[in-house]
J.: 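A single structure is presented below for examination.
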Amino acid sequence: MKKESPVKKDLIKRAWIIYALFFVLGLAIVLKIIYIQYGPESAELKKKAEGPRTFRTDIIGAERGDIYSYDGRLLATSLPMYDLKMDFRATGLTDSIFKTSLDSLSKRMADFFKDKSAAQYKNMFQDYRKKTLSGQQRVFRISPRNVSYFELTQINEFPLFRKRSSNISGFIPEKITQRVLPYGSIASRTIGRKVNDSLKWGIEGAFDEYLKGEDGITKMQRISGSFWMPISDASNKEPLDGIDIISTIDIELQDVAERALKEQLQAQGADWGTAILMEVKTGEIRAMANLTRRSNGECVEDLNHAISQRINPGSTFKLAVLMVLLEDAKMSLDDIIDIAGGDVMMYGKRVRDSHLGYDKLTLKEVFEVSSNVGFARAVNDKYRSNQQRFVDQLIKTGVNDTIPFQLEGYRGPYIHTDAKKWSGLTLTSMSYGYELEMTPLQTLVLYNAVANNGKMISPIIVKELSRYGQTIRTFRSTVLRDQICSSSTLKKVKEALEGVATDGTAQRLRVEDLEIAVKTGTAQMPNNNRGYGTQGGMDYLATIVGYFPADNPQYTCIVAMKTFRGGGRGANYYGGSLAGPVFKVIAERVYGNSVDWRNPVTSKDKSDDIPSVKNGDIKSVNTVLSDLSLPYDQKRGIRGNVVVSTDSTGIKVDTVGMSSSVVPDVKNYGLKDAVNLLENLGMNVTFTGKGKVVRQSVSPGTALRNDLKIHLTLN
């Protein structure tokens, strides 16, 4: 039998020893596992295993809703953006790699962002690297702004950053969601912004509860290290995206209003301005511009002046006063008021008109030229002995109503409603728009009520809520008052407003082929608690408000601008000359876009072949028509004045009787015939324009008086 060698025996012995060690080690592991699972500490260990380090609940943010214009253009949306950061202590970012890439990386950053030179970027990177190595900070923001995904794809190819692993480059693009306004700063204050729950404004702020949606939640389980994965759980909830907002804004008209306002602010050196354009029937605001001019001339939207600036309205308030005088005091537009040259003392206070020289004017003319003296005397004459009745009647016009408005920051009107607490000058001051406060929006609502045949409605800036293209809620104007005055008063008020545009303070603002009805106002503004005026000048609010077209109102518009006159600044401060040009630009643009307002001319209209003939002396009319061989039918008589009408059959000439005791109707008369007729009746005639008479300042049928003044407007 062969004997085993000692070497082989030694190897086998060693192998058994190793096997025995591994067996004991394995047995110890099994016993340890059994001990962990079922030993006295097993319950505590299981509790730790199921603790917060193993599971967590993550929030899934909802997508914020978008904001659109009235015709579906995107005004505000949320886009994924990237905040660029860099870990200067990344494991693979050695000094050699950093120094090799520094110059080329700095140049690419400078060329891309154009906010610093390559040398400045190089110094910035070196400074961050030094702070990191000294233990001050590890991660730094390296871009001046957030970048889009498309821009990120370009930046990913920069030197150093193209090393895909963040452990080598240290490059960390952090994804965030950013609110973006596709039209830039246009309507930015009205669109608004949400910074946090306590700092928000505009549509973004007022409708935040709808826009923000509902965040979702998901349960996550840690698999190993810092790696987590979502797991199915009953508590999981999908996010619900925010609701979209459909506003009433017309982005084109908004742009027109802002540009016109900005140009006038800069040209005239005014401090701030606001312009609002609203549809008469619906109350939908098509444009709301708010600009403040900074000392360097830059215009910014930093405050919604339209709804927050509650100040003395000045002469634009005379519309409400005129209603009271016509409705309650039973005055007529033709009543004569002695304004004594426009400069008088009343109860120890000087009342002065901006345009002096008038002595006696009708109430209509007082309104047209905006005479403070005329209104002060009329109101004091009618209500001096019963001042409470005056303010009670004012309230019936709706000027003291708080308007429900969809944006935060709106301030309601402030009017002294208790006459017992008035000073001796309150009645006089209120007659031309002082000792009371209104916002531009509040004033606009009053004028819109006139344009809307007496119905006062609230303005709206948001008309619809929508989710995934489906309307889930609509908003409409609220009727505040069914009628602010009687239909007869309303007719007279409209006539007076049209007269301001044709014969009053807004004559220069007429838009070709578009009749407007407006009122201008120029109000002194108090300087904080220091009263009216400061050394070297005075603050003014220049306003114009009205509607168009005058005969079928579609839009109401107000423009208000605050300026300082004195010390070489802001020489132009009247409502018609400072705010008026902005109103005119807006009206012209609206009219230019509204083709349906015009009556198309077609060859089928037979009356186009028959010329228009002015009313006048029958002898002259007969001579002209006969010489031109035009067909006409003379109904009565051969002498006196005639009314000429035209239809498809020809020209009709009809004589009319004229009374020597009342003012005749001279509309459609030629200037020569109208002046001859009126002056023969003893009237003082003035006129503007050329062509035929389209408007007369004294209504037909008014009783004749000595030296009665009448103004004719020709087309």
Side-chain angles (χ1 to χ4, degrees), residues 62-81 145-146 148 176-213 241-262 272-279 282-292 298-309 405-410 439-441 444 458-467 471 473-475 558 586:
E63 288 290 331
R64 192 169 179 83
D66 296 331
I67 299 176
Y68 294 88
S69 67
Y70 88 105
D71 58 352
R73 303 189 196 189
L74 192 60
L75 300 181
T77 189
S78 297
L79 293 178
M81 302 292 284
R145 59 175 174 82
N146 297 330
S148 66
I176 59 174
T177 300
Q178 183 170 315
R179 202 65 170 165
V180 177
L181 305 181
Y183 288 95
S185 63
I186 296 178
S188 60
R189 190 73 197 185
T190 302
I191 295 170
R193 184 183 174 192
K194 178 189 177 182
V195 179
N196 51 52
D197 288 337
S198 60
L199 184 58
K200 52 188 177 181
W201 60 88
I203 296 174
E204 292 273 14
F207 289 82
D208 179 53
E209 288 299 316
Y210 298 100
L211 286 164
K212 68 182 182 181
D241 291 342
I243 294 172
D244 295 332
I245 303 294
I246 313 299
S247 75
T248 63
I249 296 295
D250 183 323
I251 198 64
E252 292 184 357
L253 295 179
Q254 178 74 29
D255 186 37
V256 169
E258 286 191 18
R259 287 177 182 272
L261 194 61
K262 179 180 178 181
W272 59 259
T274 183
I276 316 172
L277 179 70
M278 183 169 77
E279 275 196 354
T282 66
E284 295 184 3
I285 293 177
R286 290 288 177 249
M288 179 181 280
N290 294 280
L291 294 176
T292 301
E298 180 187 9
C299 291
V300 297
E301 278 203 282
D302 62 350
L303 186 67
N304 195 326
H305 302 286
I307 65 175
S308 64
Q309 290 284 2
F405 192 54
Q406 294 167 313
L407 300 188
E408 296 178 3
Y410 164 75
T439 61
L441 183 65
L444 181 72
S458 64
I460 61 171
I461 197 75
V462 168
K463 68 174 185 175
E464 188 177 309
L465 303 181
S466 173
R467 174 173 274 145
T471 300
R473 183 178 175 183
T474 57
F475 298 92
I558 187 171
I586 295 173

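The figures that follow rest on heavy atoms only: side chains count, while hydrogens, waters and symmetry mates do not.
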J.: From Lys200 NZ over to Arg193 CZ, what is the distance, rounded to the nearest 0.5 angstrom?
T.: 14.0 Å
J.: Looking at Gln178 and Asn146, what are the two nearest heavy atoms and their distance?
T.: OE1-ND2, 2.7 Å
J.: Can you list the steps and then say if Glu258 with Arg189 is a salt bridge (charged side-chain N to carboxylate O under 4.0 Å, His left out)?
T.: CA-CA 12 Å; Glu258 286 191 18; Arg189 190 73 197 185; over 6 Å; no
J.: I'd like to check Ile245 versus Leu465 (side-chain heavy atoms, cut-off strictly below 4.5 Å). Are they in contact?
T.: yes
J.: Mind running side chain to side chain contact (heavy atoms under 4.5 Å, CB included) on Arg286 and Thr248 for me, showing each step along the way?
T.: CA-CA 6 Å; Arg286 290 288 177 249; Thr248 63; 3.7 Å; yes
J.: In a check of side-chain contact (heavy atoms from CB on, under 4.5 Å) between Tyr183 and each of Ile191, Leu75, Leu74, Ile249, which one passes?
T.: Leu75
J.: What's the separation between atom CZ in Arg467 and atom CG in Asp244, rounded to the nearest 0.5 Å?
T.: 8.5 Å
J.: For Tyr70 and Lys463, work out which heavy atoms get closest and say how close.
T.: O-NZ, 3.5 Å
J.: Please give me the minimum heavy-atom distance between Ile243 and Ser466, naming the atom from each residue.
T.: CG2-O, 3.4 Å
J.: Among Thr439, Thr292, Thr274, which residue satisfies the side-chain hydrogen bond (donor to acceptor under 3.5 Å, both in side chains) criterion with His305?
T.: Thr292
J.: Any non-hydrogen side-chain atom of Ile246 less than 4.5 Å from a side-chain atom of Thr471?
T.: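 Contact flag for Ile246/Thr471 side chains = no.
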J.: What residues, two or more places apart in sequence or in another chain, satisfy side-chain hydrogen bond (donor to acceptor under 3.5 Å, both in side chains) together with Asn304?
T.: Asn290
J.: Would you say NZ of Lys262 has more than 12 non-hydrogen atoms from neighbouring residues, nucleotides or ligands within 6.0 angstrom?
T.: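 Open.
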J.: Which is it for Glu204 and Arg64 under the salt bridge (charged side-chain N to carboxylate O under 4.0 Å, His left out) test, yes or no, and what are the steps along the way?
T.: CA-CA 10 Å; Glu204 292 273 14; Arg64 192 169 179 83; 3.0 Å; yes
J.: When rounded to the nearest 0.5 angstrom, what distance separates CD1 in Ile251 from CD1 in Ile186?
T.: 5.0 Å
J.: Would you give the length of the straight line joining atom CD of Glu464 to atom OH of Tyr68, rounded to the nearest 0.5 angstrom?
T.: 11.5 Å
J.: I need the Glu301 CD to Leu261 CG distance, nearest 0.5 Å.
T.: 9.0 Å
J.: I need the minimum non-hydrogen distance between Ala76 and Leu181, along with the two atoms involved.
T.: CB-CD2, 3.6 Å
J.: Given Leu407, which partner from the list Ile285, Leu441, Ile461, Ile460 fulfils the side-chain contact (heavy atoms from CB on, under 4.5 Å) test?
T.: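 Going through Ile285, Leu441, Ile461, Ile460 one by one, the side-chain contact (heavy atoms from CB on, under 4.5 Å) with Leu407 is satisfied by Ile461 alone.
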J.: I need the minimum non-hydrogen distance between Ala257 and Ala275, along with the two atoms involved.
T.: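 Shortest heavy-atom separation between Ala257 and Ala275 comes out as CB-CB, 4.5 Å.
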J.: Shortest non-hydrogen contact from Gly65 to Arg179?
T.: O-NH2, 2.5 Å
J.: Within the 4.5 Å heavy-atom criterion, are Ser308 and Leu303 side-chain neighbours or not?
T.: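 Ser308 vs Leu303: side chains touch.
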J.: Verify the neighbour count for atom CZ of Arg259: are there more than 12 heavy atoms of other residues, nucleotides or ligands below 6.0 Å?
T.: no
J.: To the nearest 0.5 angstrom, please state how far the OG atom of Ser188 sits from the CD atom of Gln254.
T.: 9.0 Å
